[in-house]
Number of protein chains: 2
Amino acid sequence: MTTASSLSPERPAGTVRSFRDRQFQLREEAILDAANQLLAQRGFELMSMDELAAAVGIAKGSLYKHFESKEQLAAASMTRLLRRIESRLLTQPAQDSPRRRLEALLRWTLAERAAGRMPLLPSTNPALQQALMGTRGYTEALGAVGEALAQLVEQGIEAGELRSDLPVPVLLFTVYARSCDPSFDFLRASGEFSDEQVIDFMVATCFDGMARPRTGTPAQ
Amino acid sequence: MTTASSLSPERPAGTVRSFRDRQFQLREEAILDAANQLLAQRGFELMSMDELAAAVGIAKGSLYKHFESKEQLAAASMTRLLRRIESRLLTQPAQDSPRRRLEALLRWTLAERAAGRMPLLPSTNPALQQALMGTRGYTEALGAVGEALAQLVEQGIEAGELRSDLPVPVLLFTVYARSCDPSFDFLRASGEFSDEQVIDFMVATCFDGMARPRTGTPAQ
DNA sequence: GTCTATACTGAGATAGAC
DNA sequence: GTCTATCTCAGTATAGAC
């Protein structure tokens, strides 16, 4: 078995032994970049390995030297995204409040989406889900991000910034779901708003809802 | 061309000329019922005409006497849903406030989803989108529902129930998106909550958001 | 390891008997 | 109009030369 993703956790980060290895790794990054874009545009089922190869500028067969199946390629794509999210979570300014940090993360993911780099994978594809759960790096990264987010939500509740009348998973999924929300595309497609405005809108409804706040009469 | 959906708007509702016609129409209902279920479970790309035919208990070829393509079948499925939504909107108690009516609609769509009857169609499939937009009944129903919802939102804003600091389309899409929200499936899959609870949670976050309302000290 | 060429399969759509 | 059987093609994956 020669198809081991150079991004897999087996190889310690930064360990590059030769020039050819380095080139191989760079090509893999290019594949994942293109995959992210195509997954965002077409979705998993409609992205073909043919067009992916064409987009990268390599032969289709070469893809299978990097990833042993389309599913595992998608898993690698998602894993890289999760790692980036994790990395962002870890480097956020500690003085920021939990709510601000959650907001910043949501803004970042929506910006990635606006840039066409957000690989949205269908939850209805059993083969894909199985591949995801069977890919070591993916489950690890998912667990790490999930845990970090849950902590952030709990801190937000304790700090009185987030509602305490809902279970933590509900809040967690609510902010997560907003990053895949189809209204983002609809609002952008309408052409009425800038990307920044759309992101503002979505963050606003996510945290403050659609209803008019009951802040009595004064101020606003 | 003999494949004209008996649910198409060309035939006035209630016009049934013969027993065979009636049987044909009933079978078409059965096809759409099964299609809704499979579209909800598997999604458009993964639903095969083979398994749909098997689920209905008819031959695959017979499907094409009712619908000329998989895309148009999906369009008919969505159209029927939109018509039901429209019908519900029209029969809602007039004394209910706009917010309550929007809430009731969201609850209903989520209940449909819980029952596995919600056909979720991907927005990333160009062939499908083209078929949708080229299907007369679909565009009509979509327009009618969109307009009715926009009116409801506007009334909600005027009544002071919904936020006035966001454009109407933003609120409209926000409530719409909630009915396709993947967190619904995740929360149900966790097994921690009943379907009713999950629906309550999603309605709550949709209208009131994740943040703790600032009603602490009186008058801000 | 990358290329070109190809095998294989699943699935949408059609043909023709009844 | 419904059935069985078949066509066609896109797309994943692999073989083999270099």
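The chains referred to below are lettered A, B, ... by the order of the sequence lines, with proteins before strands, and numbering in each begins at 1.
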Problem set entry | Nearest-Å distance for atom pair CD/C1', residues A/E71 and D/dA13 | 11 Å
For this session: Please indicate whether A/E192 has more than 12 foreign heavy atoms, meaning atoms of other residues, nucleotides or ligands, lying under 6.0 Å from its CD.
Result: yes
Exercise. To the nearest angstrom, how far is A/M49 atom CE from C/dA5 atom C1'?
Worked result: 17 Å
Seminar exercise, completed: Per atom distances to the A/S48 side chain, the nearest of C/dG1, D/dG11, C/dA13 is D/dG11
For this session: From the options C/dT2, D/dT2, D/dT14, select the nucleotide whose nearest atom is closest to the side chain of B/H66.
Result: D/dT2
Problem set entry | Nucleotide of D/dT14, C/dT2, C/dA11 approaching A/R27 most closely (side-chain heavy atoms) | C/dT2
Problem set entry | Check ion pair B/D181-A/R178 (N to O, under 4.0 angstrom) | no
Exercise. Pick the nucleotide of DNA chain D nearest each of B/R20 and B/G61; which residue has the one closer to the 5' end?
Worked result: B/R20
Seminar exercise, completed: Atom CZ of B/F44 and atom P of C/dG12 are separated, to the nearest Å, by 8 Å
For this session: Tell me, yes or no, whether the heavy-atom count around A/R188 atom CZ, taken from other residues, nucleotides or ligands under 6.0 Å, exceeds 12.
Result: yes
Problem set entry | Residue B/F24, side-chain heavy atoms: nucleotide from C/dC3, D/dT14, D/dG1 that is nearest | D/dG1
Exercise. In terms of side-chain geometry, is the basic nitrogen of A/K60 or A/D50 positioned less than 4.0 Å from the acidic oxygen of its partner?
Worked result: yes
Seminar exercise, completed: From the candidates D/dA13, C/dC3, D/dT2, the one with an atom nearest any side-chain atom of A/S69 is D/dA13
Exercise. For the side chain of A/K65, counting heavy atoms from C-beta on, which of C/dG1, D/dA13, C/dT4 is nearest?
Worked result: C/dG1
Problem set entry | Residues, nucleotides or ligands: over 12 heavy atoms within 6.0 Å of A/Q41 CD | yes
Exercise. Between atom OH in A/Y64 and atom P in C/dT4, what is the gap in whole Å?
Worked result: 16 Å
Exercise. What is the distance, rounded to the nearest whole Å, between atom CG of A/L52 and atom P of D/dA13?
Worked result: 12 Å
Exercise. Rounding to a whole Å, what distance do you find between A/F67:CZ and C/dT2:P?
Worked result: 12 Å
Problem set entry | Nearest-angstrom distance from the residue atom NZ of B/K70 to P of D/dA10 | 16 Å
For this session: Could you state the atom-to-atom distance from CG of B/L46 to C1' of C/dT9 in whole Å?
Result: 15 Å
Exercise. What's the closest nucleotide to the A/S62 side chain, out of C/dT4, C/dT2, D/dG11?
Worked result: C/dT2
Problem set entry | Base of C/dG12 paired with side chain of B/K60 (donor-acceptor, under 3.5 Å) | yes
